[in-house]
Amino acid sequence: MKNSAAYPHLMQAGLLHGLPDEQKRAFLDSCIQKYCNERITLLTQSEPTQGCYLIARGRVEISYLDEDGNVSILHVAGTGEVIGEVEAISETPCAASCFSLPDTTVLYCPAAVLLDYAKNPAVIRNFAAILHDRLMRDNHRRAVEQFHTVDKRLFSYLCQFSTPDDPEIRFSQAHLATLMGCSRQKVNRMLKVLRDDGMIDLRRGRIVILDRAKVEGKAALRD
């Protein structure tokens, strides 16, 4: 089955916004489908890439390794998002590493195909819109880290690293504590309170959002 038929929702992907349907289908069908049944490295920080990935289903973790060996999770990309397109077009090393989460399907687009589509002004605008969204996300995260209380930071991260379609957050409480700048014990106590309130469920190595509306409401409250 062609990618455009198997994943019709990708016709609405931001990368393809404004293109005629026939061009959207041609782009999707020119990509190579890759199913990841486990955590797989898609892009490696500081290494080149020959193409980008469009997420057809599932999620991809984007992380950065600093010079001291500290790993920071920057974003968990979901269905319809694209990764690696900037590096593929600019022929620069990957700015971060990207790992598929289990049960994820991605469509690999070779750089040559991407460059051909990039000749279209609509695609150029789409690239700019994607970069704008990333800039706004990074600005929001920086503000949360600098100015919000620990409780507010927790709610913000629970929203950031989950989606309504995929409510599971698949990384450790220790890493969440590192992001929040507090101890793992404090994070554990806070999460147990949220569990007792019915907002989340705690499973081995996972946090599951049960009441997203309530979590989002807490994240949006002003201090």
Side-chain angles (χ1 to χ4, degrees), residues 1-66 71-138 161 163 165-166 170-171:
M1 181 182 295
K2 292 184 176 181
N3 292 329
S4 57
Y7 308 105
H9 56 280
L10 292 181
M11 296 282 285
Q12 307 304 318
L15 180 63
L16 305 179
H17 182 72
L19 294 178
D21 286 350
E22 60 270 21
Q23 289 189 26
K24 292 181 179 182
R25 284 190 287 267
F27 177 87
L28 295 174
D29 294 340
S30 67
C31 295
I32 303 169
Q33 181 185 143
K34 180 180 179 66
Y35 174 69
C36 309
N37 63 348
E38 58 185 359
R39 183 183 176 89
I40 293 175
T41 302
L42 299 175
L43 300 173
T44 302
Q45 181 179 323
S46 300
E47 293 188 4
T49 178
Q50 301 302 314
C52 66
Y53 293 91
L54 181 62
I55 304 172
R57 182 171 60 86
R59 310 190 77 192
V60 172
E61 175 191 302
I62 303 172
S63 63
Y64 174 75
L65 176 69
D66 70 15
V71 178
S72 298
I73 297 178
L74 306 177
H75 181 54
V76 180
T79 300
E81 292 190 64
V82 62
I83 56 174
E85 79 290 349
V86 172
E87 293 88 344
I89 289 178
S90 63
E91 297 184 345
T92 54
C94 293
S97 294
C98 298
F99 306 93
S100 67
L101 297 184
D103 194 24
T104 291
T105 300
V106 294
L107 301 184
Y108 175 73
C109 175
V113 174
L114 188 63
L115 283 168
D116 187 51
Y117 274 79
K119 297 174 184 177
N120 190 313
V123 176
I124 295 176
R125 287 194 296 271
N126 294 339
F127 282 145
I130 290 170
L131 292 176
H132 178 265
D133 287 345
R134 290 174 184 168
L135 178 61
M136 293 299 294
R137 184 182 68 227
D138 291 344
F161 295 123
T163 68
D165 294 331
D166 188 356
R170 304 177 182 90
F171 54 75

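In what follows, every heavy atom counts, from backbone to side chain, and hydrogens, waters and symmetry copies are set aside.
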Value rounded to 0.5 Å, distance of [atom1] in [X] from [atom2] in [Y]:
{"X": "L107", "Y": "D29", "atom1": "CG", "atom2": "CG", "answer": "9.5 Å"}
{"X": "Q23", "Y": "D21", "atom1": "CD", "atom2": "CG", "answer": "10.0 Å"}
{"X": "Y117", "Y": "I89", "atom1": "OH", "atom2": "CD1", "answer": "13.5 Å"}
{"X": "L54", "Y": "L10", "atom1": "CG", "atom2": "CG", "answer": "5.0 Å"}
{"X": "Y35", "Y": "I40", "atom1": "OH", "atom2": "CD1", "answer": "9.5 Å"}
{"X": "M11", "Y": "S4", "atom1": "CE", "atom2": "OG", "answer": "7.0 Å"}

Minimum-distance pair of heavy atoms, taken over all atoms of [X] and [Y]:
{"X": "I130", "Y": "V82", "value": "CD1-CG1, 3.7 Å"}
{"X": "G58", "Y": "T104", "value": "CA-OG1, 3.6 Å"}
{"X": "T49", "Y": "G84", "value": "CG2-O, 4.2 Å"}
{"X": "F161", "Y": "R59", "value": "O-NH1, 2.8 Å"}
{"X": "A77", "Y": "I55", "value": "CB-CD1, 3.5 Å"}
{"X": "C52", "Y": "A88", "value": "N-CB, 4.3 Å"}

*State, with a plain yes or no, whether a side-chain heavy atom of D166 is found less than 4.5 Å away from one of V76.*
no

*Would you mind reporting whether L16 and N126 have side-chain heavy atoms less than 4.5 Å apart?*
no

According to the salt bridge (charged side-chain N to carboxylate O under 4.0 Å, His left out) rule, which pairs have a member within [range], sequence neighbours left out?
{"range": "residues 105-131", "value": "D116-K119"}
{"range": "residues 31-41", "value": "R39-E61"}
{"range": "residues 82-106", "value": "R57-D103, E85-R134"}

*Just by distance, do the side chain of H9 and the backbone of A56 share a donor-acceptor pair under 3.5 Å?*
yes

